[in-house]
Amino acid sequence: VTASLTGVAALGADELAACSGPVEANALAVAAALGDAGVERSAVDAVLTYDSIVAPDLMQANRVAEYLGLAPSYAATVGSGGATPAAAVAIAIGLIEAGLARNVVFAHADLRAAVKREAVGRMAAVVGNPEFEAPFGPIVPTLYSFLAQWLIESGRATREDLARIAVQTRAWAALNPAAKMRKPLTLEEVLDAPRVAGPLGRYDCCLITDFAGALVVSGEPDVGPLAGGQQAQRGGSCMVGDRAAGGGDAGADRAADRGRAGEDRAARGSHASADRVAGEGCVGGGRAAEGSYADADRAAGGGHATADRAAGRGRAGGDRVAGEGRGDAGEARQSRAVRILGAAGAATHEEILQMDADDPLAAPTALAGELYGQAGVTASDLDLAYLYDSFTVTTGLQLLAYGIDGGEGLGALLADPGIGPGGRLPVNTHGGLLSATTSGLFHIVEAVRQLRGEAGDRQVDGARTALVSNIGGVFSNHCALLLAR
Amino acid sequence: MSGVEFQRCRDCGRCQSYLRALCKHCGSRELEVVEGSGLGTVFATTVVHRSSQEELAASTPYPLTLVRMEEGPMLMALVLGEAGDFPAGAAVAVDVEATRGRGLLTVSRR
């Protein structure tokens, strides 16, 4: 991936309260994110938004662009439920790598708190099949509670494990002034709270809040101008060429494409040696160099450099020196940009009745492998994880799918402080959907802020690699990003 | 006579629910409606504490289960008994009488 996250923004409560509606809130978030990125209005080629639930609009992205006086090439409203922010980043990467856009802005804003009941009702109606599910009275928590019950009965989690996710997430929220709920929770409070569905109680369910935020995805030339030759070496045009070649294999089905991609990724994931880079020519060289760039960052930071990584550091060091020598306005942006090392998605079903009941973890587990392969990392390389937490069980399932438990199980991982402050791996350091804000956009915003070192009291020292996941439906639409700095 | 109907594909032989214009497994349009055995196993059973259906709200908390039917598709159903009687993997059968009485698919242990 040759695109970076160059800007993020989240409106504060006062700003939100003064907004006339979701369009204005989106527009203000876009303006703030462009300011954060240092991207000129005229350089925005695509405006993406996620439609409001409380005030649906036929062409919301267009309306937001119009409000701002922007005239982008593309304005499109993306709708993948909770997966939308990460899906929008994946779309932005595509637009940028195809040469159709230089900078893409995505915003998500909604004013749901005032109309909580109706909004919840509408969301519940959307996720259940009208003939085979809705007549039985499920709401979204009911549908996820089937997965919670499955997780518990299959021996993968205990009720207490799930409750600890709420407690530890709240502990992070206590450090975030922008989080909605900051009062620490005890395990007993979570366990004794009124039940909503099956094992899930009130504190196992996400908040419904007002929110507005935005992010900017940029191609490398706008992050910091590179000389033409360097750009080619870093993989920009090579990757496009590679994809064109892949697509040109007439009749190749998707499975075959995935197989090829998997080989490429495996090569990158294994820290391809120098001969291999030489042997594979432009494409292999570009990709290997790109992969080792991230590895080198980590090696330098963590001090666990293997021989391969040390070699990578040498190459990346060269890149860095070249970059630092640019000495123009792009430099400041370059220094704050967060690189997108990988993006992967899995849209397996919509309604829970169509889910893979053999193994609900199969799709996200495969996705995790694909994502880690793209980025050349493993779960043990992560410094931060932002896992969509519509419910505690949503996070619990993903801690397993993404291998964050290291194969030891949730009980070992979540023993206090677990995924909270001071724990084995910081997860959802802003407080997530459970304690901070309703949109998964803020998982991305927080990851960027942490990687930049701008996370205040909750800053995780030396964090360089972050996983972000967003999920739509009932574990239906997974979209994940691997970010690094 | 389970009363449970699926669509079966004449080309690949697999079943699906809800009704579609083509087979979700292979894309064929050669579909027929068949009656299922009414037998299946529990994926998981939960308890509904807040119901979106007014008629059922008075019955909360009530157990609700997901059943993997023998033919492949999964179905949601009420249960005759307590949630604890319907653990994952439990063998169940559509209870035709109870289903008729409640107007909603209902299963009992077998």
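Only heavy atoms go into these numbers, but all of them, side chains included; no hydrogens, no water, no symmetry mates. Each chain gets a letter, A, B and so on, in the order its sequence line appears, and its residues count up from 1.
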Judged by modelled atom types alone, do Ser51(B) and Tyr62(B) share a side-chain donor-acceptor pair under 3.5 Å?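 The criterion, which ignores hydrogens and geometry beyond distance, is satisfied for Tyr62(B) and Ser51(B).
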Examine the side chains of Thr106(B) and Asp95(B) and answer whether a donor and an acceptor come within less than 3.5 Å of each other.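 The answer is no; no qualifying pair exists.
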Is chain A contacted by the side chain of [X], its backbone, both, or neither, given a heavy-atom distance below 4.5 Å?
X	result
Thr60(B)	neither
Leu56(B)	side chain
Arg50(B)	both

Side chain from CB out, backbone as N, CA, C, O: work out which of these in Glu153(A) comes under 4.5 Å of a heavy atom of chain B, or both, or neither.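 Only the side chain of Glu153(A) comes within 4.5 Å of chain B.
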Structural part of Pro360(A) lying under 4.5 Å from a heavy atom of chain B: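 Contact with chain B involves the side chain of Pro360(A) alone.
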Just by distance, do the side chain of Gln168(A) and the backbone of Ile419(A) share a donor-acceptor pair under 3.5 Å?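 Here the side-chain-to-backbone pair exists.
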I'd like to know if the side chain of Thr46(B) reaches the main chain of Phe146(A), judged simply by a donor and an acceptor atom lying under 3.5 Å from each other, with no hydrogens or angles considered.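 A pair under 3.5 Å: no.
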With a 4.5 Å cut-off on heavy-atom pairs, point out which of Ile152(A), Val196(A), Thr142(A) contacts chain B the most.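 Of the candidates given, the most pairs with chain B belong to Val196(A).
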Residue selection (most heavy-atom pairs with chain B, distance under 4.5 Å) from Ala197(A), Ser145(A), Pro135(A):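 The candidate making the most pairs under 4.5 Å is Pro135(A).
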Taking the six-membered ring of Tyr18(B), is NZ or CZ of Arg20(B) closer than 6.0 Å to its centre and within 45° of its axis?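 So Arg20(B) does make the cation-pi contact.
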Looking at Ala57(B), Gly89(B), Pro87(B), Ala83(B), which has the largest count of heavy-atom pairs under 4.5 Å with chain A?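 Top option by heavy-atom pairs under 4.5 Å: Pro87(B).
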Only pairs of heavy atoms separated by less than 4.5 Å count here; which of Pro73(B), Pro63(B), Pro61(B), Ser17(B) has the most with chain A?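 Top count of heavy-atom pairs under 4.5 Å with chain A: Ser17(B).
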Taking all non-hydrogen atoms of both residues into account, name the closest pair between Tyr388(A) and Gly82(A) and its distance.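 Heavy-atom minimum between the residues: OH-CA, 3.4 Å.
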Verdict with reasoning, Thr209(A) to Thr437(A), per side chain to side chain contact (heavy atoms under 4.5 Å, CB included): CA-CA 6 Å; Thr209(A) 67; Thr437(A) 321; 3.7 Å; yes
